[in-house]
Each structure stands twice: as C-alpha cells, then as structure tokens.
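Below is one structure; the comments refer to it alone.
Chain A is the first sequence line, chain B the second, and so forth, proteins listed ahead of strands; every chain is numbered from 1.
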Protein chains: 2
Amino acid sequence: MALKPDYFAPMNITRIEKLCQERGLKMTEQRRVICRVLSQADDHPDVESIFQRAAAIDPKISIATVYRTMRLFEEANVIEKLDLGDGRARYEENRDEHHHHLVDIKSGRVIEFKNEELEAMKRKIAADLGYDMVDCRLEIYGIPKTSKA
Amino acid sequence: MALKPDYFAPMNITRIEKLCQERGLKMTEQRRVICRVLSQADDHPDVESIFQRAAAIDPKISIATVYRTMRLFEEANVIEKLDLGDGRARYEENRDEHHHHLVDIKSGRVIEFKNEELEAMKRKIAADLGYDMVDCRLEIYGIPKTSKA
DNA sequence: GTATGTGCAAACCCTTTGCGCACTT
DNA sequence: AAGTGCGCAAAGGGTTTGCACATAC
C-alpha cells in the first residue's frame with residue numbers, strides 16, 4: 001500500500017472540508033476523513049479507492065458511507081462525478097472551471113485540459129441545432145505520440 | 001426449428017445482416033431477428049428495448065442472447081455502443097462516420113451531429129498534450145432554446 | 001458431426017437502501 | 001434531546017456466465 005506518511009499527520013482543515021462547512025453540511029468524523037482523502041488525491045479515484053484510502057485512516061468506515069458521502073458532496077457541488085467510461089464513478093474536487101479529460105488508454109493516466117475555443121464551438125453546435133447547452137461530456141482517449149512522424 | 005419462415009420470408013436482407021455475413025458471422029435466427037430490429041430502429045435503443053422488439057418477432061428469444069449478440073456485433077464493428085450517461089448501453093448501426101450526440105435532457109431525444117472543425121480541434125488538443133487520439137466521446141446535454149436568436 | 005449458439009438461472013459488479021445503533025448540533 | 005448519520009447486510013439494476021440442449025455449417 002502506497003499511502004503517504006502525512007496521511008496520519010495532524011492536518012489543517014482541508015479546502016474541501018471548508019467548502020462543506022460553507023454549504024452547511026453536518027461534519028462527522030467520517031466525512032472529515034473523506035475530505036482529507038479527496039483533498040490529497042491527485043488522481044481521479046473511484047469509490048473503492050476512496051474507501052481504501054479512508055479505511056487506512058479510519059478502519060471502521062463503511063463503503064456505504066463513502067457512497068452516501070460522495071452523493072452528498074456531489075449534490076452540494078463540493079466534488080464532481082466523472083464517467084471515464086470504465087463503468088464506475090470517479091471523482092475530483094470541484095474547481096468550478098470547466099475542463100475535460102484525456103485518458104491514456106495504455107496507462108490509465110488522466111490528463112485534464114480546457115480550451116475556450118472548444119467551448120465556444122460546442123455552444124455553437126448546440127445553438128445551431130436549436131438547443132442551449134446545459135452540460136457536456138468530452139473525453140479523448142489516446143496513446144502517447146510515437147516519436148516518429 | 002419452431003419458427004415460421006413467414007416471419008422472415010418477405011424481408012429483404014438488412015444492411016446489418018449483410019455486414020454480418022461479410023464479417024463471417026454465423027447467422028442464427030435470433031441474430032437475424034436482432035439485425036432486423038437494429039435496422040429498423042431510428043432511435044438509440046438499449047438492450048431492454050432491443051430485447052422487447054425482438055421478442056415481438058420471436059417470443060422465445062432470451063435477453064442473454066441479446067447481450068451476447070450486441071457484444072458480438074460490436075466487436076465485429078457492425079454496431080456501435082453508446083454511453084449516453086444513463087447507466088446502460090445504447091446501440092446504433094455503425095455508419096463508419098464519426099459523429100456525436102446531443103441529448104435533449106427534457107425529452108430524452110437524441111440528435112446526431114458531426115463537425116469537421118471539431119474533429120480537427122480534438123486531434124490538435126491531443127497532439128498538444130503529446131497524444132494520438134484513438135477514440136473520443138462527446139455528448140452535449142441541452143434544452144430546447146427558449147429565446148429566438 | 002462438431003463446433004458454436006441459445007435459454008435459463010445464478011453470479012457479478014457497482015451502487016443504493018432498510019434497519020437499529022451512534023453521533024452531531 | 002432530537003434529528004441525522006453510520007455500519008451492516010440485503011436488495012437493486014445492468015450485464016455476464018456455467019450448464020445442458022439446440023442449431024448452423
């Protein structure tokens with residue numbers, strides 16, 4: 001298990017926990033642990049991963065609690081739920097900045113990107129079809145460029 | 001075999017069935033029925049819908065067969081599997097022409113669109129990140145425009 | 001005739017939920 | 001103290017699979 005040692009060190013209130021407080025969510029010990037896990041994640045973990053990382057801090061936490069908390073946090077706009085096409089939900093901190101994901105299909109690595117021109121184009125495509133875009137999902141699946149060519 | 005030839009005799013071979021033959025797939029009656037259902041679909045049906053439509057032609061067909069056939073057809077590039085974000089697979093005839101979907105979140109209607117400029121942009125985004133795009137998923141979720149433009 | 005496909009039901013995976021106890025406010 | 005959250009295990013929805021029988025080539 002590759003847990004960072006500072007998982008166990010005393011921590012200041014995380015950004016995510018602060019967001020939760022602002023939204024008036026009741027903060028339990030389990031939710032605080034999950035906040036820490038989410039704040040320290042630099043990937044896009046699924047529920048199982050979040051559960052395992054949380055269980056490393058508090059072994060009594062239940063995966064049902066993780067599911068319930070993910071839903072709660074998502075509805076409170078604290079985190080964002082992703083569908084990266086592998087049949088389970090993944091989560092990231094909600095940074096209120098629209099972006100998409102490029103998935104390296106060899107390594108599973110996920111790279112974030114944003115592009116204003118792209119946003120404008122999507123909006124225009126929707127408008128041309130008679131729609132206002134209210135949401136959008138875009139993932140690019142790719143392989144590292146071959147040095148040749 | 002208990003099925004009446006009646007069901008099939010007046011039908012021309014569908015485009016999808018022809019594709020299956022070209023790919024060398026063994027054609028059973030169940031698969032032929034599913035080919036008809038898929039050929040006649042003008043929506044993006046899920047497995048349950050395909051199963052019901054097929055069962056209207058051959059009541060003895062099993063949903064397991066539909067699942068197996070969908071996978072087979074998808075792997076043979078006869079149909080394309082879609083993920084429209086509602087937790088179940090949807091399918092469309094594979095027209096070998098890259099396009100995406102706009103989902104009307106009020107009515108559930110799905111509109112197809114393609115845009116070369118968009119394709120180029122995606123490819124460039126991937127390239128700029130050091131990747132060759134091998135696949136891509138894009139759905140726009142929208143509501144009918146309220147104001148006239 | 002043999003390999004392959006099918007129907008059925010059980011199994012699977014991810015996720016949700018009913019219940020009684022524990023906790024936050 | 002009241003109301004909410006938690007852990008557990010069972011249930012749910014979509015999908016896959018083991019088995020014995022049926023079918024295509």
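- For the contact set between residues 67-88 of chain B and DNA chain C, defined by any heavy atom under 4.0 Å, the members are R68(B).
- Taking every heavy atom of both residues into account, M70(B) and I50(B) meet most closely at SD-CD1, 3.8 Å.
- Distances shown here put every side-chain N or O of Q30(B) at or beyond 4.0 Å from the OP1 or OP2 atom of dA22(D).
- Taking atom OH of Y91(B) as the reference point, atom P of dG14(D) lies 13 Å away to the nearest angstrom.
- Annotation: R15(B), atom CZ; neighbour count of heavy atoms from other residues, nucleotides and ligands within 6.0 Å is above 12.
- Straight-line distance from the CD atom of E48(B) to the P atom of dG14(D): 8 Å, rounded to whole Å.
- Positionally, the nearest nucleotide of DNA chain D for D58(A) lies more toward the 5' end than for the other of M27(B) and D58(A).
- Overall bending of the helix from dG1(C)-dC25(D) to dT25(C)-dA1(D), expressed as the angle between end axes built from five pairs apiece, is 30° (10° steps).
- Here chain B contacts DNA chain C (any atom closer than 4.0 Å to a heavy atom, that is under 4.0 Å), and the contacts span dT4(C) to dA9(C) from 5' to 3'.
- Comparing dA9(D), dC25(D), dT15(D) by their nearest atom to the side chain of V47(B) picks out dT15(D).
- Between E139(B) and D83(B), the closest heavy-atom pair is OE2-O, 2.9 Å.
- For the pair T14(B) and C35(B), the tightest heavy-atom approach, listed with the atom from each and the gap, is OG1-CB, 3.7 Å.
- For residues 13-48 of chain B, the ring-ring contact (aromatic ring centres under 6.0 Å, His included) pairs, not counting sequence neighbours, are H44(B)-H101(B).
- Annotation for L102(A) and F113(A): closest pair N-CE2, 3.8 Å, computed over non-hydrogen atoms.
- Contact check for H98(A) versus E116(A): no side-chain heavy atoms found under the 4.5 Å cut-off.
- Mapped onto DNA chain D by nearest heavy atom, A64(B) and K26(B) fall at different nucleotides, with A64(B) at the one closer to the 5' end.
- Side-chain nitrogen and oxygen atoms of T28(A) include at least one within less than 4.0 Å of the OP1 or OP2 phosphate oxygen of dC6(D).
- Identified under the salt bridge (Lys or Arg N to Asp or Glu O under 4.0 Å) test for residues 120-130 of chain A, with sequence neighbours left out: E119(A)-K122(A), K124(A)-D128(A).
- Between I63(B) atom CD1 and dT15(D) atom C1' the separation is 9 Å, expressed in whole Å.
- Residue pairs satisfying the side-chain hydrogen bond (donor to acceptor under 3.5 Å, both in side chains) criterion with at least one member in residues 56-76 of chain A, sequence neighbours excluded, are listed as follows: D58(A)-K60(A).
- Closest approach of H100(A) to L138(A), counting heavy atoms only: CB-O, 3.4 Å.
- When all heavy atoms of L84(A) and Y141(A) are compared, the closest pair comes out as O-OH, 3.1 Å.
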